[in-house]
Amino acid sequence: MKGEGLEPNVFTYNILLKALCKNGKVDGACKLLVEMSNKGCPPDDVSYTTIISSMCKSGEVDKAKELALRFEPVVPVYNALIHGMCREYRIQEAFDLMNEMVDKGVDPNVISYSTVISCLSDMGNIDLSLAVFGQMFVRGCSPNVHTFTSLIKGYFLRGRLGDALGLWNLMIREGVWPNVVSYNTLIHGLCSNGNMDEAISVWNQMERDFVRPNVTTYSTMINGFAKSGDLISACEVWNKMINCGCRPNVVAYTCMVDVLCQMSMFDQAFDLIDSMIADGCPPTVVTFNNFIKGLCRSGRVEWAMSVLYQMEKYKCLPNIRTYNELLDGLFKVNAFREACGLIREMEEKEAELNLVTYNTIMYGFSFQGMNQQVLQLLGKMLVNGVKPDDITVNITVNAYCKLGKVRTAIRVLDNITAEKEFCADIITHTIVLWGICNWLGTEEAIVYLHEMLKKGIFPNIATWNVLVRGFFSNLGHMGPIRILDDILGTQ
DNA sequence: ATAGGGTTAG
């Protein structure tokens with residue numbers, strides 16, 4: 001350009017800025033920003049928005065905010081920052097930015113509100129989501145298809161199907177037409193709430209509305225059918241996708257790997273993974289996790305372990321889910337040594353154990369009768385800041401009971417139940433009943449049984465098994481007969 | 001005409 005005697009203008013520089021950002025050279029873009037001023041072509045709003053948005057997308061939202069402080073930000077800059085905060089669920093800071101906008105008279109627009117609403121929906125806070133929706137109206141800003149779609153997503157996440165569908169109808173009544181993303185959100189919401197029939201009818205409605213399904217739509221349907229056990233329909237959607245000229249991407253392939261595994265077509269699943277390379281969309285760790293999960297669930301754990309070591313060839317690193325699936329598989333086939341070997345391997349690689357990992361290992365250990373080690377693992381879990389769930393509690397209570405520390409088990413349960421973080425279910429109670437029968441005697445078990453009934457927790461077949469066995473081993477044959485009389489008398 | 005902000009699936 002310079003050879004031709006042409007001077008770059010602000011458009012030229014902004015295109016260059018965008019190119020630098022897109023190639024991960026944000027530092028270079030910042031240098032160019034300085035150079036622009038020196039060359040007598042000062043950066044404009046677009047220049048700043050480009051850089052700040054790029055920083056936010058690469059997770060450098062604090063650096064982006066610092067840069068934004070150096071000038072008077074416009075709405076798109078604020079929106080990029082809000083999105084950056086929301087990406088990390090820093091919702092308070094997103095609200096702070098919104099308030100700052102209002103204070104400075106830079107009115108938040110539909111994009112600002114929709115970004116926050118989408119974030120709150122993802123966080124499961126549909127009530128706050130609706131509050132922002134209301135505030136948006138008060139401030140004279142109208143929702144668009146993004147806003148409605150984000151709210152609908154939030155309702156589905158909380159299982160509120162009726163509210164989600166109500167909002168969908170409201171959206172259409174307001175003259176806001178759904179696009180392919182809205183349809184995908186609706187279909188996914190119905191599928192993940194176990195409403196496959198409704199999902200199919202929406203998918204048909206989509207065609208009548210002349211909204212073309214994209215690869216996300218097909219993947220959502222394949223996954224929906226796969227999760228509901230309708231593998232034939234899942235395959236039909238895959239074929240339809242190919243016939244309609246829609247090229248599968250890595251997600252579509254990954255869903256299909258799951259389908260083939262569920263059909264026990266493991267060789268075909270592997271062939272499909274292999275063909276992904278040739279098709280230019282290489283498998284990811286999620287693809288392999290599906291394959292490994294399928295193999296483990298059918299007891300082919302050795303094969304699954306060999307896949308773990310093949311992943312490297314595909315430049316895929318196993319993640320915690322890979323290990324969790326394999327550990328579960330190994331424990332289920334009683335390959336205790338191999339499971340311990342894998343745990344050591346995880347420690348060497350400094351893999352961060354999560355809730356599922358701890359539950360899986362503790363469960364595996366308890367099946368080996370290693371109850372002391374179960375309690376040690378609970379300690380390790382708490383030290384590492386991993387919050388136990390109801391499964392952890394049941395495994396722990398079981399360990400205490402097996403060790404004969406039934407009173408401790410009951411005390412631990414009372415404490416966490418009082419904090420309302422946990423609600424003991426029939427499984428918990430059956431475990432404790434086992435402990436009482438075996439260590440404290442059947443009379444106390446009957447007292448406990450009555451307390452259970454008073455709380456509205458009703459015995460199932462496993463509970464009765466525990467009681468009957470307990471009575472046989474403790475009282476000879478008279479006990480169980482009395483209990484059986486009770487059952488026959490009441491049911 | 002050429003540059004900037006938000007929604008979906010494994």
Side-chain angles (χ1 to χ4, degrees), chain A residues 8-22 29 36 43-54 56-57 64 68 73-84 86-87 94 97 101 106 108-119 121-122 143-154 156-157 171 176 178-189 191-192 199 211 213-224 226-227 234 237 241 248-259 261 276 281 283-291 293 321:
Chain A
N9 66 8
V10 69
F11 281 84
T12 327
Y13 279 113
N14 285 346
I15 292 165
L16 207 48
L17 280 175
K18 182 184 177 178
L20 287 167
C21 288
K22 272 193 153 179
M36 286 171 78
D44 64 1
D45 291 338
V46 177
S47 326
Y48 285 114
T49 310
T50 305
I51 290 193
I52 284 173
S53 146
S54 162
C56 289
K57 279 183 183 133
V74 290
V75 179
V77 168
Y78 271 114
N79 287 347
L81 288 173
I82 290 170
H83 186 230
C86 286
R87 271 172 45 112
L97 283 163
M101 290 174 82
V106 185
N109 64 10
V110 62
I111 295 178
S112 329
Y113 289 111
S114 302
T115 306
V116 169
I117 286 172
S118 173
C119 175
S121 287
D122 287 337
N144 63 14
V145 66
H146 288 255
T147 329
F148 279 111
T149 303
S150 298
L151 277 169
I152 290 167
K153 170 182 69 174
F156 274 123
L157 189 63
M171 172 173 82
V176 176
N179 59 20
V180 64
V181 178
S182 327
Y183 270 107
N184 291 346
T185 306
L186 179 60
I187 291 173
H188 177 248
C191 288
S192 53
V211 177
N214 60 17
V215 67
T216 303
T217 325
Y218 290 110
S219 303
T220 308
M221 287 302 293
I222 291 171
N223 198 244
K227 291 287 179 294
V237 177
M241 174 177 73
N249 63 11
V250 60
V251 179
Y253 271 112
T254 301
C255 294
M256 210 46 205
V257 166
D258 184 39
V259 171
C261 284
M276 292 173 71
C281 64
T284 67
V285 61
V286 186
T287 321
F288 282 106
N289 285 353
N290 266 353
F291 189 43
K293 177 181 73 187
R321 286 174 177 238

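Numbered from 1 within each chain, the chains take letters A, B, ... in sequence-line order.
Between the NE2 atom of A:His83 and the CD1 atom of A:Ile52 there is a distance of 15.0 Å, given to the nearest 0.5 Å. Atoms CG and NE2, on A:Asn223 and A:His188 in that order, are 7.0 Å from each other to the nearest 0.5 Å.
In this structure, the CE atom of A:Met36 is 12 Å from the C1' atom of B:dG4, given to the nearest Å. Distance A:Ile51 CD1 to B:dG4 P: 13 Å, rounded to the nearest Å. Nucleotide B:dT7 holds its P atom 19 Å from the CG atom of A:Leu186, rounded to whole Å. In this structure, CZ of A:Phe148 is placed 17 Å from P of B:dT8, rounded to the nearest angstrom. Atom CG in A:Leu151 sits roughly 12 Å away from atom P in B:dT8 (whole-Å rounding). Here B:dG6 presents its P atom at 11 Å from CG of A:Leu81, a figure rounded to the nearest Å. Between the CD1 atom of A:Ile52 and the P atom of B:dG6 there is a distance of 13 Å, rounded to whole Å. One interatomic measurement links the two molecules: CD1 of A:Ile82 to P of B:dT7, which rounds to 12 Å at whole-angstrom precision.
Each of B:dT8, B:dG6, B:dG4 was ranked by its minimum atom distance to the side chain of A:Pro76; first place goes to B:dG4. Nearest to the side-chain atoms of A:Thr147 among the listed nucleotides B:dG6, B:dT7, B:dA9 stands B:dG6.
Heavy atoms of A:Val110 sit under 4.0 angstrom from at least one base atom. If you check every strand for non-hydrogen atoms under 4.0 Å, A:Asp258 touches nothing. Within the 4.0 angstrom heavy-atom criterion, base atoms lie near A:Asn144. Looking at heavy-atom distances under 4.0 Å, A:Thr254 makes contact with a base. Using a 4.0 Å heavy-atom criterion, one finds that A:Val257 contacts no nucleic acid atom at all. Within 4.0 Å of A:Val75, counting heavy atoms only, lies at least one base atom of the nucleic acid. Among the protein residues, A:Thr185 comes within range of the sugar-phosphate backbone only, with heavy atoms under 4.0 Å from sugar or phosphate atoms but none that close to a base. Heavy atoms of A:Lys293 sit nowhere under 4.0 angstrom from any nucleic acid atom. A:Asn223 comes within 4.0 angstrom of the backbone, heavy atoms only, and of no base. Within the 4.0 angstrom heavy-atom criterion, base atoms lie near A:Thr216.
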For nucleotides 1-3 of chain B, list the nitrogen or oxygen atoms of the protein found under 3.5 Å from its nitrogen or oxygen atoms, one pair per line.
| residue | atom | partner | partner atom | Å |
| --- | --- | --- | --- | --- |
| B:dA3 | N3 | A:Asn14 | ND2 | 2.6 |

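Looking only at distances, a side-chain donor or acceptor of A:Thr50 sits under 3.5 Å from a matching main-chain atom of A:Val46.
Nearest heavy-atom pair, A:Ala234 versus A:Val259, reported as atom, atom and distance to 0.1 Å: CB-CG2, 3.8 Å. Listed here is the closest heavy atom pair of A:Cys56 and A:Ala80: SG-O, 3.4 Å. Shown here for A:Leu17 and A:Ala29, the closest heavy-atom pair between the two residues is CD2-O, 3.3 Å.
Scanning atom types as modelled, no donor and acceptor separated by under 3.5 angstrom connect the side chain of A:Asn214 and the base of B:dA9. Interface remark: the A:Thr115 side chain does not form any donor-acceptor pair with the B:dG6 base, using a distance-only criterion of under 3.5 Å. Counting atom types as modelled, A:Thr284 pairs a side-chain N or O with a base atom of B:dG10 as donor and acceptor under 3.5 Å.
Contact check, A:Lys153 against B:dT8: a side-chain N or O comes under 4.0 Å of OP1 or OP2. Regarding contacts with the backbone of B:dG6, a side-chain N or O of A:His83 is found under 4.0 angstrom from either OP1 or OP2. A close approach under 4.0 Å does occur between a side-chain nitrogen or oxygen of A:Lys57 and OP1 or OP2 of B:dG6. Contact annotation: A:His146 does not reach the phosphate of B:dT8 (side-chain N/O to OP1 or OP2, under 4.0 Å).
A:Pro283 places a side-chain heavy atom less than 4.5 Å from the side chain of A:Phe288. At least one side-chain heavy atom of A:Ser114 sits less than 4.5 Å from a side-chain heavy atom of A:Asn144.
Residues that satisfy the side-chain hydrogen bond (donor to acceptor under 3.5 Å, both in side chains) test with A:Ser150, not counting sequence neighbours, are absent from this structure.
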